[in-house]
Amino acid sequence: MTTMAQVICGLARRWCFGALGSPLQVPCLQALPLHLGRTATRASQRDLENAVHQVKLWKKDPGNEVKLKLYALYKQATEGPCNLPKPDMMDLVNKAKWDAWSALGSLPKETARENYVDLVSSLSAASEPPSPAKPAADGEQAGGDLVVTSENHITTITFNRPAKKNAITTKMYQDIMLALQAASKDDSVLTVLTGNGEYYCSGNDLTNFTDIPPGGPEEKARTNAILLREFVDCFIDFPKPLVAVVNGPAVGISVTLLGLFDLVYASDRATFHTPFGPLGLSPEGCSSYTFPKMMGPSKAAEMLIFGRKLTAQEACAQGLVTEVFPDSTFQKEVWTRLRAYTKLPPNAVRTSREVMRSKGRERLHAVNAEECGALQQRWLSEECTSAVVRFLSRRGKL
Ligand SMILES: CCCCC/C=C/C(=O)SCCNC(=O)CCNC(=O)[C@H](O)C(C)(C)COP(=O)(O)OP(=O)(O)OC[C@H]1O[C@@H](n2cnc3c(N)ncnc32)[C@H](O)[C@@H]1OP(=O)(O)O
């Protein structure tokens, strides 16, 4: 019997999106004949199993909402109503799963089974057989704003908003956290962040600031600070080697976070820019600590206070980048190297990393908390508000 944990883990692999993943391995299901076009009005157990198999063939990530719906219906169909204790609110994935399942109340098992099969049937019509995910060309929007693939023991999280230079939306912060949580438990040895298209990432999506809740800007600044702190904490605590494949220019938080990565490979087209001064902001991603440590206080000040943009070669000379590759051979050389690294004994890799990281972790959490506190104030400042308004109005967004 296939458990839902296995199904979800299968989804995570197939859709390349680990948000609802589980630490369990998925043994490949036997090839099952498909009965999705069933004629009977009630779905049988066999129909359910076939639908589960069909889901594993989906190429496109149907999004968290659908995945949660499928999870909930499957649990209801196989176990009945949810009677598990409510997970802690910080346990994002399990809380979302629990909420979805509990919302089905006392829906009968047979109805849940039927709903699951119908939902898969309607969504399958639009999906194609699987093929290895590869970054889409600029302008294409394959797989949503974030694409997560897991292949050859490498989990890759790709910023996929090329038309917006891969700026990070609020939802993307949340999805990246979920993807990291899943990657920490999957069978990958390395976790890679990269960008689709011309840019690696243009940092925080500045339109995030326009969505003011009923509690006003103070409330917005408070929730942003919480989100940012949780987001950066996920990188501090991530248990496996983190690799940035910087395919093009990087801005803001996509640069500051690099101080928490183990390897940063950059194309010679990449640049590294933290325009906090012009934006009326202050550093985040623990860069106020990692950058001076890595490049010395004055070079760090030039970047973080005065917003000097570095070329890839300069960033490499400062220790922010591990190695720079010609853009024409960048992808080939980097991925060949990463695949070779996955052949190393995984436990030795993890142990070495842990002994290198464990000493500084507590300090990083304290730095993260301090930076988020400072930013919460900055976001409410006139300097920051005017800078965001300038950016948005220049682009006709106000
Ligand atoms: C809650 C967590 C908070 C975390 C704190 C994080 C802080 C940071 O990350 S600070 C850094 C924020 N980022 C920026 O300041 C960059 C802003 N963008 C730019 O300066 C430029 O867009 C560019 C240099 C990245 C690219 O310039 P250019 O080649 O001229 O392209 P366009 O400006 O025309 O951009 C195309 C398209 O993309 C939109 N866009 C680009 N970056 C962002 C962004 N960060 N936020 C929102 N939108 C962005 C731009 O508006 C254009 O959109 P359309 O006009 O609709 O085509």
Side-chain angles (χ1 to χ4, degrees), residues 138-139 141 145-146 159-177 193 195-213 217-235 244 246-260 269-288 291 303-311 367-381 383-398:
D138 206 344
Q141 292 293 317
D145 292 344
L146 200 71
F159 302 115
N160 188 39
R161 290 182 83 208
K164 302 286 178 188
K165 313 290 184 198
N166 295 328
I168 310 175
T169 60
T170 302
K171 178 162 187 312
M172 285 166 74
Y173 286 110
Q174 285 156 349
D175 287 344
I176 291 168
M177 288 194 277
L193 252 77
N196 178 25
E198 177 202 358
Y199 263 66
Y200 172 65
C201 173
S202 64
N204 187 41
D205 187 315
L206 294 174
T207 65
N208 288 345
F209 290 110
T210 58
D211 172 26
I212 304 297
E218 287 77 12
E219 172 68 7
K220 179 79 187 171
R222 198 182 63 77
T223 53
N224 264 354
I226 293 172
L227 174 65
L228 179 61
R229 186 164 170 189
E230 284 175 1
F231 179 72
V232 175
D233 275 348
C234 285
F235 285 83
V246 186
N247 53 298
V251 186
I253 190 163
S254 71
V255 176
T256 55
L257 280 177
L258 296 177
L260 300 174
R269 255 188 351 94
T271 52
F272 298 82
H273 191 201
T274 50
F276 301 132
L279 286 170
L281 293 175
S282 51
E284 82 286 285
C286 295
S287 58
S288 63
F291 280 29
M303 272 193 91
L304 297 175
I305 304 176
F306 301 106
R308 170 144 191 259
K309 188 195 287 188
L310 302 191
T311 63
V367 170
N368 184 27
E370 187 192 350
E371 289 178 345
C372 292
L375 270 171
Q376 186 172 341
Q377 303 302 315
R378 288 280 84 222
W379 286 321
L380 294 170
S381 70
E383 290 173 343
C384 173
T385 317
S386 314
V388 172
V389 167
R390 260 197 315 276
F391 175 83
L392 297 177
S393 54
R394 256 206 311 270
R395 284 159 180 80
K397 305 229 159 43
L398 287 178

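Counting starts at 1 for both ligands and their atoms, following the listed order. The basis for the numbers below is simple: all heavy atoms, side chains too, and nothing from hydrogens, waters or symmetry mates. Just so you know, residue 1 is the first one in the sequence shown, and it goes up from there.
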Of all heavy-atom pairs linking Phe291 and Val255, the shortest is CZ-O, 3.6 Å
For ligand 1, the portion of [X] having any non-hydrogen atom under 4.0 Å away:
X	result
Trp379	side chain
Ser254	neither
Phe231	neither
Thr170	neither
Leu228	side chain

Mark up the atoms of ligand 1 that fall under 4.0 Å of a heavy atom belonging to [X], in ascending order.
X	result
Asn224	1 (C)
Gly203	9 (O)
Ala163	36 (C), 37 (C), 38 (O)
Tyr173	2 (C), 3 (C), 4 (C)
Ala167	43 (C), 44 (C), 45 (N), 46 (N)

From Asn208, Thr170, Val232, residue fulfilling side chain to side chain contact (heavy atoms under 4.5 Å, CB included) relative to Leu227: Thr170
Listed by chain and number, what are the salt bridge (Lys or Arg N to Asp or Glu O under 4.0 Å) partners of Glu370, not counting sequence neighbours? none
Residue set satisfying salt bridge (Lys or Arg N to Asp or Glu O under 4.0 Å) with Glu219, at least two apart, ordered chain then number -> Arg222
Asp205 side-chain N/O to Ala167 backbone N/O, donor-acceptor pair under 3.5 Å: no
With heavy-atom distances below 4.5 Å as the criterion, would you say the side chains of Phe272 and Val246 are in contact? yes
Heavy atoms, side chains only, cut-off 4.5 Å: are Ile253 and Leu228 in contact? yes
Test your reading of the structure: does [X] have an N or O sitting under 3.5 Å from an N or O of ligand 1?
X	result
Leu206	yes
Ser202	yes
Lys164	yes
Asn204	yes

What's the separation between atom CD1 in Ile168 and atom CG in Leu257, rounded to the nearest 0.5 Å? 7.0 Å
Distance col, row Cys234:SG vs Tyr173:OH, nearest 0.5 angstrom, shows 13.0 Å
